[in-house]
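Notes follow the structure.
In what follows, every heavy atom counts, from backbone to side chain, and hydrogens, waters and symmetry copies are set aside.
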Amino acid sequence: MPTDAAALLATAKATAKRAAARYAHHVAYVGEAEREHRLAATWHLRRASDEGSVDNRIYENGSNEQCLGGLLLNPIALLGLKAAGAIAYPWLIAASAEDPTGTYIDHATAVFRNRERYHWCVELGAYHRFQWKRSVYQSEVHDWQTSPAAQNPDAPWRRRRPRAPQRYLLFLIVDCLAAADRWVDPPNAAANRGAVHDWLHEHGGNPMFWCLPAVPAAWIEKGA
């Protein structure tokens, strides 16, 4: 055992370091175990657990991309390349001439080495991705608004406390409107979930989907 103060301090630091490492390992192990347990316990609640679910096909297609190394590519750029249709075919054909044994992912990677094409594909992919997400959002809003629970003014959910996502959207809408010099008063702090829901609906819902993005200029020129 060390006897001088410096040696004792060094020993204490080394012991604390080992203890911290063991604790971190334990926390990571427990956290991973809890995660796996939670996934197993909630599997039946996820759409992928339903036979024939669209999520099954999404995962299958994603795993196919992974087999060829497609997960290394920007997914939005890859979406834009696929959406470009005949515009992108000459690019891919040229890439295949340079690498005849390559896969589609190899040829797409070669296309993206041209930064102008890459950025254009990102813009086009973002446009299509937004259109799709907006359509899903609008469909979900419509389904909810026409449901018996939403149309019942005495439904129990309306008397509950507002949810965190509702409060987030509320202040986001206020900020967005204020930026456009449109000043609105949010519901008071005592408002229940129903009152906040009605206010969000009256003020346009999620601001992310208020305005459609412009189609990339190059797409207008080449696809017109």
Using the rule that two of Ile, Leu, Val, Met, Phe, Trp, Tyr join whenever any of their side-chain heavy atoms come within less than 4.5 Å, decide whether Leu81 and Tyr89 are in one cluster.
no
Heavy-atom side-chain contact between His107 and Asp99 under 4.5 Å
yes
Are Tyr137 and Leu212 linked, directly or through other ILVMFWY residues, by side chains that come within less than 4.5 angstrom of each other?
yes
For the hydrophobic clusters of this structure (ILVMFWY residues joined by side-chain heavy atoms under 4.5 Å, transitively), does one cluster hold both Trp210 and Leu169?
yes
Intermediate values then yes/no, side-chain contact (heavy atoms from CB on, under 4.5 Å), Asn74 and Phe112
CA-CA 10 Å; Asn74 182 324; Phe112 292 156; 5.9 Å; no
Would you give the length of the straight line joining atom NZ of Lys133 to atom CE of Met208, rounded to the nearest 0.5 angstrom?
5.5 Å
Hydrophobic cluster identity match, Leu124 and Leu92, side-chain contacts under 4.5 Å
yes
Is a side-chain N or O of Ser96 found less than 3.5 angstrom from the main chain of Ile93, in a donor-acceptor match?
yes
Taking atom CZ of Arg182 as the centre, does the number of heavy atoms from other residues, nucleotides or ligands within less than 6.0 Å exceed 12?
no
CD of Glu116 to SG of Cys121, rounded to nearest 0.5 Å, is 12.0 Å
Would you name the heavy atoms of Gly194 and Trp157 that are closest together and state the gap between them?
CA-CZ3, 3.9 Å
For Ile76, is there any backbone N or O sitting under 3.5 Å from a side-chain donor or acceptor partner on Arg129?
no
Nearest heavy-atom neighbours spanning Leu170 and Pro187
CD1-CD, 3.4 Å
If we count only N and O atoms by modelled type, under 3.5 Å, do the side chains of Gln131 and Tyr127 hold a donor and an acceptor together?
yes
Between His197 and Trp144, do the side chains contain an N or O donor and an N or O acceptor separated by less than 3.5 Å?
yes
Heavy-atom nearest pair, Leu73 first then Ala108, reads CD1-CB, 4.1 Å
Going from CG on Asn192 to CZ on Arg159, what distance comes out if it is rounded to the nearest 0.5 angstrom?
9.0 Å
Is it the case that Asp106 and Thr109 place a side-chain donor and acceptor less than 3.5 Å from each other?
no
To check you understand the geometry: which heavy-atom pair defines the closest contact between Trp120 and Pro216, and what is its length?
NE1-CB, 3.9 Å
Are Trp91 and Tyr104 linked, directly or through intermediate hydrophobic residues, by side-chain heavy-atom contacts shorter than 4.5 Å (ILVMFWY only)?
yes
Quick check against the 3.5 Å criterion: does Arg193 have a side-chain atom that pairs as donor or acceptor with the backbone of Arg161?
yes
For atom CD of Gln151, decide whether the heavy atoms of other residues, nucleotides or ligands shown that lie under 6.0 angstrom number more than 12.
yes
At their closest point, which heavy atom of Trp183 faces which heavy atom of Ala178, and how far apart are they?
CZ3-CB, 3.3 Å
For the OH atom of Tyr168 and the CG atom of Leu200, what is their distance to the nearest 0.5 Å?
12.5 Å
Can you tell me if Asp185 has over 12 outside heavy atoms packed within less than 6.0 Å of its CG?
no
Looking at every non-hydrogen atom in both residues, tell me the closest pair between Ala149 and Ala155 and how far apart they are.
O-CB, 3.7 Å
Rounded at 0.5 Å granularity, tell me how far CZ in Arg134 sits from CD in Gln138.
4.0 Å
Does the structure place the NZ or CZ of Arg115 under 6.0 Å from the centre of the six-membered ring of Tyr118, at an angle of no more than 45° from the ring's axis?
yes
